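One structure is given below, encoded as structure tokens.
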Number of protein chains: 2
Amino acid sequence: MSETVEALSRGAGLAAWRQIADALEAEIAAGKLAQGTQLPTEAALAARFGVNRHTVRRALATLAERGLIRASQGRGTFVEAAPLAYPIGRRTRFSEIVTGAGREPWGELVAQTEVTADANGAAMLGVSEGAPLLELVTVHRADGVPLSTARTWLPLPRFSGFAEAYAASGSITRALSACGVPDYTRLSTRIRARPADPAEAARLDLTPGRVVIVVSSVNVDAAGIPIQANRSAFAADRVELVVSP
Amino acid sequence: MSETVEALSRGAGLAAWRQIADALEAEIAAGKLAQGTQLPTEAALAARFGVNRHTVRRALATLAERGLIRASQGRGTFVEAAPLAYPIGRRTRFSEIVTGAGREPWGELVAQTEVTADANGAAMLGVSEGAPLLELVTVHRADGVPLSTARTWLPLPRFSGFAEAYAASGSITRALSACGVPDYTRLSTRIRARPADPAEAARLDLTPGRVVIVVSSVNVDAAGIPIQANRSAFAADRVELVVSP
DNA sequence: TCGCATTTGTGCGTATGTATA
DNA sequence: GTATACATACGCACAAATGCG
């Protein structure tokens, strides 16, 4: 049971809890404490650093506040997965973002239906109310982990072949290209957050009630014509949106 | 008890549930159903429109999905407050945004402490680790309703007079101006979401566990020098972030 | 603490009109 | 014309959450 006590510089202007927080953060950053692993108990950490458990708790609180760890009463404290930095800008592309993070992107088509535009959708896509739209429900993964699930509307008949192209390629960008849209940019982006509804939670493999970030956007083609309205629900634990300046 | 049944055009290609949804949406848009008021019960709406309760439920489901109403089992269905559109861009100013929405802004200083920069804060503000920082906790309101609570760090001694100036003016912009920073722009913005912690919930007047959108940003002065790091928690029900292109 | 009324949530069965093969 | 599938709409019953006395 004899555990060596790590040296903390005491009475030197640097608080003990901060040294502990820095030490643990360094271990997480270095991968010594991997994603999802359980931290030693507060009592064990107190023994390791030769401090009171209150001091350890103060260190853990700062890490928890920054989202590096999550304490769960009665279970323990766990290292959170680092969220994927997801840039939001004029040229947001899921595949490029995930690939750039060194992970493998894939989009899965869950459902497709033909609907008629309501007032809201009509305004976003610049079509008349009641116009036919293709509605797609998709799930987007990085290395198999679902990051977001989206509902996408495209005007018909222009994009009648979109669903097949998407199912085959797993990429919005490539499917649009197959429909004669070589390039597109984002016209508007609105961001909300709320608890996941049961359907979203199932598609994202979340326990019900976890938080999703809802990003509503409209994309336009090179001529500025709206081609796609989109409402994506991101698992809030797994991404961090970065507004590109 | 005799209630007049509103006319729906039946068998004319437009589904009854859609007509009901449109009628209710129009009443909400017109202010006949104000924010926070309870809708008639599903049974009452079914009687009013002369349809089955299922048909009403389908109409309500589409409105709930779009965030216009919120159903609460055992209590009723309520009109949601329209969230404030909050632009996120290079020149984000709380006061200007709220004023532009025709509401009265006010920022309240909850606490101020002098802290030393940890590795994270030091990197964001471009100072050395351990450098003295002023940490402020503030609450930001529109017409008295708290929209966000923020933790702000400013380098010392440059901004030693900031807290007093802020408490007096209730505005970050004016307080910075008093400290010799006439203009500033946003360098970076990162967005996350999670349940509110108890302290945040108290400051935002939220029931514990409601969702907050956490916006972390760094502001720089005209010379590009970081002057302020900020982590704001917005009540997710009360704002919609709009990424300005 | 308990029971009761109110209200939304869910499931099943049935019938009808419409588009498609 | 016939068969099938689908969306729409209705009726009934019960479960679950809430508020009140």
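Throughout, a chain's letter reflects where its sequence line sits, starting with A, and its residues are numbered from 1. Just so it is clear, the structure is predicted and the values come from calculations on it, not from any experiment.
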With a 3.5 Å cut-off and sequence neighbours excluded, list the donor-acceptor pairs that the side chains of residues 233-243 of chain A form with protein atoms.
residue	atom	partner	partner atom	Å
A:Asp237	OD1	A:Arg210	NH2	3.3
A:Asp237	OD2	A:Arg210	NH1	3.3
A:Asp237	OD2	A:Arg210	NH2	2.9
A:Arg238	NH1	A:Pro146	O	2.7
A:Arg238	NH1	A:Leu204	O	2.8
A:Arg238	NH2	A:Asp205	O	3.3
A:Glu240	OE2	B:Arg190	NH1	2.9
A:Glu240	OE2	B:Arg192	NE	3.3

Taking only distance into account, with no hydrogens and no angle test, what donor-acceptor pairs under 3.5 Å do side-chain atoms of residues 156-167 of chain A form with protein atoms, sequence neighbours excluded?
residue	atom	partner	partner atom	Å
A:Arg158	NH2	A:Asp221	OD2	3.2
A:Ser160	OG	A:Pro157	O	2.6

**Request:** For B:Glu80 and A:Arg194, run salt bridge (Lys or Arg N to Asp or Glu O under 4.0 Å): C-alpha distance rounded to whole Å, both residues' side-chain angles, the deciding distance at 0.1 Å, then the answer.
**Result:** CA-CA 13 Å; B:Glu80 288 274 44; A:Arg194 55 170 173 73; over 6 Å; no

**Asked** Under 6.0 Å from the CZ atom of A:Arg231, do we count more than 12 heavy atoms belonging to anything else shown?
**Response**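 Check passes, neighbour count above 12.
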
**Message:** The criterion is side-chain contact (heavy atoms from CB on, under 4.5 Å); which residues satisfy it with A:Thr41, sequence neighbours excluded?
**Reply:**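 Only A:Ala43, A:Ala44 meet the side-chain contact (heavy atoms from CB on, under 4.5 Å) criterion with A:Thr41.
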
**Strand contacts (DNA chain D) in residues 59-70 of chain B, 4.0 angstrom heavy-atom criterion** = none

**Asked** For residues A:Tyr86 and A:Thr92, is any side-chain donor paired with an opposing acceptor at under 3.5 Å?
**Response** no

**Prompt:** Between the side chains of B:Ser232 and B:Asn230, is a donor N or O closer than 3.5 angstrom to an acceptor N or O?
**Reply:** yes

**Prompt:** For the helix from C:dC2-D:dG21 to C:dA21-D:dT2, how many degrees between its two end axes (five pairs per end), to the nearest 10°?
**Reply:**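 Answer for the end axes of this duplex: 10°.
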
**Complete:** Readout for nucleotides 3-13 of chain C: B = base within 4.0 Å of protein heavy atom, S = sugar-phosphate only, - = neither; 5' to 3' it is ---BBBBBBB-

**Asked** Between A:Ser171 (side chain) and A:Arg174 (backbone), is there a donor-acceptor pair under 3.5 Å?
**Response** yes

**Request:** State whether A:Arg93 and A:Asp183 are salt-bridged, where the test is any N-O pair (Lys NZ or Arg NE/NH1/NH2 against Asp/Glu carboxylate O) under 4.0 Å.
**Result:**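 A:Asp183 and A:Arg93: salt-bridged.
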
**Item:** Check ion pair B:Arg66-B:Glu25 (N to O, under 4.0 angstrom)
**Value:** yes

